[in-house]
There are 2 protein chains.
Amino acid sequence: MGKEKDLTTEQKILEAARKIFLTKGLDGARMQDIADEAGINKAMLHYYFRSKDKLFEQIFAEVAGHFLPKVLAIFESEETVFKKIETFCIEYINQINETPYVPIFILNEINRHPEEFLKKVFGNKMPPVGKIIKQLEKEQKQGIIKKVDPLQLLLNMLSLCVFPFVARPVIQLIAGMDRTQFNTMIEQRKKEVPKLIIDSIKK
Amino acid sequence: MGKEKDLTTEQKILEAARKIFLTKGLDGARMQDIADEAGINKAMLHYYFRSKDKLFEQIFAEVAGHFLPKVLAIFESEETVFKKIETFCIEYINQINETPYVPIFILNEINRHPEEFLKKVFGNKMPPVGKIIKQLEKEQKQGIIKKVDPLQLLLNMLSLCVFPFVARPVIQLIAGMDRTQFNTMIEQRKKEVPKLIIDSIKK
DNA sequence: ACTTTTGTTAACCAAATGGTTAAACTAAAT
DNA sequence: ATTTAGTTTAACCATTTGGTTAACAAAAGT
């Protein structure tokens with residue numbers, strides 16, 4: 001059961017901090033929790049990362065920085081709209097499935113410190129959502145797809161992909177599902193969600 | 001600008017506690033914050049509510065108890081499926097719009113203390129989601145609507161209604177919207193969301 | 001070999017925080 | 001007018017918590 005492998009102290013801290021911050025949030029996390037989880041002395045946290053806030057920022061930057069751009073890049077590709085929608089949903093759901101606590105973690109930060117978040121994650125440059133929007137507008141004019149607000153379409157897609165994960169415990173209760181059944185349902189959604197979205201714009 | 005009207009101390013505390021807990025969460029809220037917001041001495045919080053946890057439980061019970069059942073009742077009504085979907089979406093979005101911080105507040109509690117939450121909110125009795133599901137299954141067999149998993153349908157509806165509110169700050173940034181424009185978009189969604197859902201099951 | 005730098009620990013510290021207390025105040029009941 | 005019960009306050013308390021320090025160990029230079 002020896003979990004700690006042979007990581008450097010810094011890596012152990014980052015791993016532990018990620019776990020604790022993700023599950024307890026900034027305010028709920030205790031430096032001692034993180035130290036215990038990493039199996040090291042609490043002073044090391046400050047030795048490597050100066051303060052709790054600094055450590056949190058580092059984790060947040062890693063998590064958000066790894067989470068958002070990877071999938072948004074799909075919109076930049078040269079695929080057709082339909083194909084983009086499909087890959088986006090599948091890839092996004094896959095990614096969340098690997099780290100299911102990330103969405104609620106990020107949404108919290110978004111709501112508690114909106115400005116800092118936006119600056120931290122996007123900096124000056126906006127997320128690359130322009131291309132897919134133009135593509136949608138173009139195909140609408142050409143009469144290939146129905147006329148819908150591109151923003152609403154993207155928002156729908158996001159909602160349908162993300163929400164089930166932040167609401168998982170209630171869903172499981174109401175539907176009487178265990179963890180496995182929940183996963184099967186998520187698998188289903190990888191087909192259902194893109195189908196729903198695509199059907200809504202297909203002529 | 002005199003905000004405090006002539007409420008009893010207990011009411012002032014509850015009002016202040018709701019505001020602080022909703023915006024900062026249980027861990028982020030300070031008893032002193034609540035006292036200040038209520039314009040009273042910190043000791044009064046303990047005089048009326050014994051402890052921080054007790055006060056939080058009270059607020060949570062009020063918020064969740066008022067939020068969830070009201071709308072779920074729509075499913076119990078005698079309307080047609082289409083009508084139910086429409087009223088549910090409109091009413092749900094309306095209700096969230098009045099208290100936009102409630103969803104993230106509840107979702108947090110759901111994820112941090114799943115068992116306690118579920119017990120607290122639903123007790124022994126499940127939410128009344130049985131009727132609409134049966135209704136959906138029935139109309140499917142009768143061939144009135146397409147064959148879809150009722151649970152996925154409900155989940156889709158919930159996702160589309162709730163998610164925009166918990167993601168509001170990012171949405172505003174990416175779309176370059178101010179608060180008014182965001183509200184207009186939400187208004188739009190009251191029509192779009194039920195339409196999307198209904199179209200997905202209409203034959 | 002020794003010095004210096006880096007990594008690590010236990011003990012400690014000051015501030016913050018949830019909670020308590022005893023006294024003061026208020027208003028109704030006697 | 002006096003008692004009594006409920007209400008409010010300032011000061012206080014114990015614990016928790018983020019952060020520091022000084023001593024110590026282990027590498028890394030020299």
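All values below were derived from every heavy atom in this structure, side-chain atoms included, with hydrogens, water molecules and symmetry-related copies excluded. Chain letters run A, B, ... following the sequence lines, proteins first, then strands; residues in each count from 1.
- Nucleotides of DNA chain D that come within less than 4.0 Å of any heavy atom of chain B span, from the 5' end to the 3' end, D:dG6 to D:dA10.
- The distance from the CD atom of A:Glu76 to the CD1 atom of A:Ile132 is 9.5 Å, given to the nearest 0.5 Å.
- Using a 4.0 Å heavy-atom distance criterion, B:Tyr48 is classed as a sugar-phosphate-only contact.
- Applying the side chain to side chain donor-acceptor pair (under 3.5 Å) test to pairs two or more places apart or on separate chains, those with a residue in residues 185-198 of chain B are A:Gln152-B:Arg189, A:Asn156-B:Arg189, B:Asn94-B:Lys190, B:Glu187-B:Lys190, B:Lys195-B:Asp199.
- For the pair A:Lys12 (side chain) and A:Glu37 (backbone), a donor-acceptor distance under 3.5 Å is absent.
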Using atom names, set out every protein N or O paired with an N or O of nucleotides 16-18 of chain C below 3.5 Å, distance rounded to 0.1 Å.
{"unit_1": "C:dT17", "atom_1": "OP1", "unit_2": "B:Arg30", "atom_2": "NH1", "d": "3.0"}
{"unit_1": "C:dG18", "atom_1": "OP1", "unit_2": "B:Arg30", "atom_2": "NE", "d": "3.2"}
{"unit_1": "C:dG18", "atom_1": "OP1", "unit_2": "B:Lys52", "atom_2": "NZ", "d": "3.1"}
{"unit_1": "C:dG18", "atom_1": "OP2", "unit_2": "B:Met31", "atom_2": "N", "d": "3.1"}
{"unit_1": "C:dG18", "atom_1": "N7", "unit_2": "B:Lys42", "atom_2": "NZ", "d": "3.4"}

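- Rounded to the nearest 0.5 angstrom, A:Ile110 CD1 and A:Phe117 CZ are separated by 4.0 Å.
- Protein atom CG of B:Asn41 is 13 Å distant from nucleotide atom C1' of C:dC25, rounded to whole Å.
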Given ring-ring contact (aromatic ring centres under 6.0 Å, His included), test A:Tyr92 with A:Phe88 step by step and report yes or no. CA-CA 6 Å; A:Tyr92 204 45; A:Phe88 175 85; 5.0 Å; yes
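- Aromatic ring orientation, A:Phe105 versus A:Phe60: tilted (interplanar angle from 30° to 60°).
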Which is it for B:Lys131 and B:Glu78 under the salt bridge (charged side-chain N to carboxylate O under 4.0 Å, His left out) test, yes or no, and what are the steps along the way? CA-CA 10 Å; B:Lys131 185 161 182 177; B:Glu78 294 301 326; 2.5 Å; yes
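- Within 6.0 Å of the NZ atom in B:Lys146, the count of heavy atoms belonging to other residues, nucleotides or ligands exceeds 12.
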